[in-house]
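Since we're looking at a predicted model, the values are computed, not measured. Values below: every heavy atom of this structure, side chains too, minus hydrogens, waters and symmetry copies.
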Amino acid sequence: MYDRRYGGRELNFEASGALLQASLVMRDRETDSWWSIMTSSAIGGRLEGADLVELPLGEKTTWGAWRRRHPQTVALSVDGRQHEATDPYADYFASPDTFRNLEIDDRRLEPKAPIYSFRLDGKPWAVAHRAIEGGRLVEADGARLLFFRRRGAPLFESTRAWQVDPALAAEHTPEKLRELAEAGAEGLTRLPGFDTFWYSWVAVNRDTGLLR
């Protein structure tokens, strides 16, 4: 999720109808600049090269998990319909094929391996979901990072990630650090990023680092 404020004004985004390496490209109505969802930078238009601020606010989860946390939630309906019986993306998620059979040369992971992608001091990084199930504390360019994915979580349930003060990281286990992070303790800062597939991320961010 990106902050839509830039240069002292708010930008209004809409789908451009274009794709960059099989990933959606948005455009803003104010400057007609084009933005790939896989990068924080404008890739064309008057603001080409400009960067938006990524926010650690987005969360993807299941309806069941959301209702358990927020039982009073009201669902919007379209013509009285609140639920689709079939998932239009089910075949895509179940298949090993990439979108429109996009090919990538970087085979550090399988093309459709689920990952958490993020930037650290401007550099793109990724870590495979399977490496962080149950919680993992890792180091990247000297920074201590805590990642958590619930074991058995659905594919696109959001990964949670924090940058951890080194002194705090030395004192606690990943499990304790996660408890502290969720309690809002000092020394743990949410790390912006999002979950996607390896091929989608690396096709646009070719210089990405990979945490193992």
Would you indicate whether [X], at its atom [atom1], is surrounded by more than 12 heavy atoms from other residues, nucleotides or ligands within a distance under 6.0 Å?
X      : atom1 : result
Asn12  : CG    : yes
Arg130 : CZ    : no
Glu14  : CD    : yes
Asp87  : CG    : yes
Arg69  : CZ    : yes
Arg190 : CZ    : yes

With a 4.5 Å limit on heavy-atom distance, are the side chains of [X] and [Y] in contact?
X      : Y      : result
Arg160 : Phe147 : no
Trp198 : Leu210 : yes
Gln163 : Arg144 : no
Met26  : Ser16  : no
Val127 : Ile115 : no
Trp35  : Leu47  : yes
Thr39  : Ile43  : yes
Leu55  : Pro192 : no

Answer with yes or no whether the hydrophobic clustering places [X] together with [Y]; edges join I, L, V, M, F, W, Y residues whose side-chain heavy atoms lie under 4.5 Å apart.
X      : Y      : result
Tyr89  : Phe197 : yes
Leu191 : Met38  : no
Leu155 : Ile132 : no
Phe118 : Ile37  : no

Show the nearest heavy-atom pair for residues [X] and [Y], with the distance to one decimal.
X      : Y      : answer
Glu186 : Leu168 : O-CD2, 3.7 Å
Gly45  : Ser33  : C-OG, 3.7 Å
Glu139 : Leu211 : O-CD2, 3.9 Å
Leu177 : Ala169 : CD1-CA, 4.2 Å
Ala140 : Leu120 : O-CD2, 3.4 Å
Ser23  : Ser200 : OG-O, 3.9 Å

Check your understanding: What do the steps show when you test Arg9 against Thr31 for side chain to side chain contact (heavy atoms under 4.5 Å, CB included), and what is the final call?
Key -> CA-CA 11 Å; Arg9 60 177 170 177; Thr31 72; 3.1 Å; yes
Treating [X] as the side-chain partner and [Y] as the backbone partner, does any N or O pair qualify as donor plus acceptor under 3.5 Å?
X      : Y      : result
Asn205 : Asp207 : no
Lys112 : Ser95  : yes
Asp141 : Ala143 : no

Indicate whether the side chain of [X] and that of [Y] have a donor and an acceptor atom separated by less than 3.5 Å.
X      : Y      : answer
Trp201 : Thr208 : yes
Trp66  : Thr73  : yes
Thr159 : Arg149 : yes
Thr98  : Asn101 : no

Practice item. State plainly whether the residues Lys123 and Asp121 are in salt-bridge range, i.e. N to O under 4.0 Å. Key: no
Check your understanding: Taking NZ, NE, NH1 and NH2 as the nitrogens, is one of them in Arg46 or Asp32 under 4.0 Å from a carboxylate oxygen of the other?
Key -> no
Hey, what do you get for [atom1] ([X]) to [atom2] ([Y]), rounding to the nearest 0.5 Å?
X      : Y      : atom1 : atom2 : result
Thr173 : Arg178 : OG1   : CZ    : 10.0 Å
Leu145 : Trp125 : CG    : CH2   : 8.5 Å
Lys176 : Glu171 : NZ    : CD    : 11.5 Å
Arg206 : Asp105 : CZ    : CG    : 7.0 Å
Ile104 : Glu110 : CD1   : CD    : 9.0 Å
Gln21  : Ser36  : CD    : OG    : 9.5 Å

Point to revise | Distance flag, aromatic centroids of Phe194 and Tyr2, threshold under 6.0 Å | key: no
Point to revise | Tyr116-Phe148 aromatic ring centre distance below 6.0 Å | key: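 No - the distance between ring centres of Tyr116 and Phe148 does not fall below the 6.0 Å cut-off.
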Point to revise | Worked check of salt bridge (Lys or Arg N to Asp or Glu O under 4.0 Å) between Lys60 and Glu157 | key: CA-CA 5 Å; Lys60 296 184 290 290; Glu157 181 174 308; over 6 Å; no
Point to revise | Stepwise salt bridge (Lys or Arg N to Asp or Glu O under 4.0 Å) test for Arg4 and Glu10 | key: CA-CA 6 Å; Arg4 64 192 183 100; Glu10 288 188 345; 3.1 Å; yes
Review point. Is there a salt bridge (Lys or Arg N to Asp or Glu O under 4.0 Å) between Arg5 and Asp3 once you walk through the steps?
Key: CA-CA 6 Å; Arg5 292 171 295 181; Asp3 191 335; 2.7 Å; yes
Exercise for review: Go through Glu182 and Trp162 one step at a time and tell me if the side chain to side chain contact (heavy atoms under 4.5 Å, CB included) criterion holds.
Suggested key: CA-CA 10 Å; Glu182 293 179 343; Trp162 299 267; 4.2 Å; yes
Review point. Between Phe99 and Leu19, is a side chain to side chain contact (heavy atoms under 4.5 Å, CB included) present by the stated rule, with each step listed?
Key: CA-CA 11 Å; Phe99 182 71; Leu19 297 174; 3.6 Å; yes
**Study point:** Ser158/Asp195 under side chain to side chain contact (heavy atoms under 4.5 Å, CB included): CA gap, chis, key distance, verdict
**Key:** CA-CA 7 Å; Ser158 291; Asp195 299 284; 4.1 Å; yes
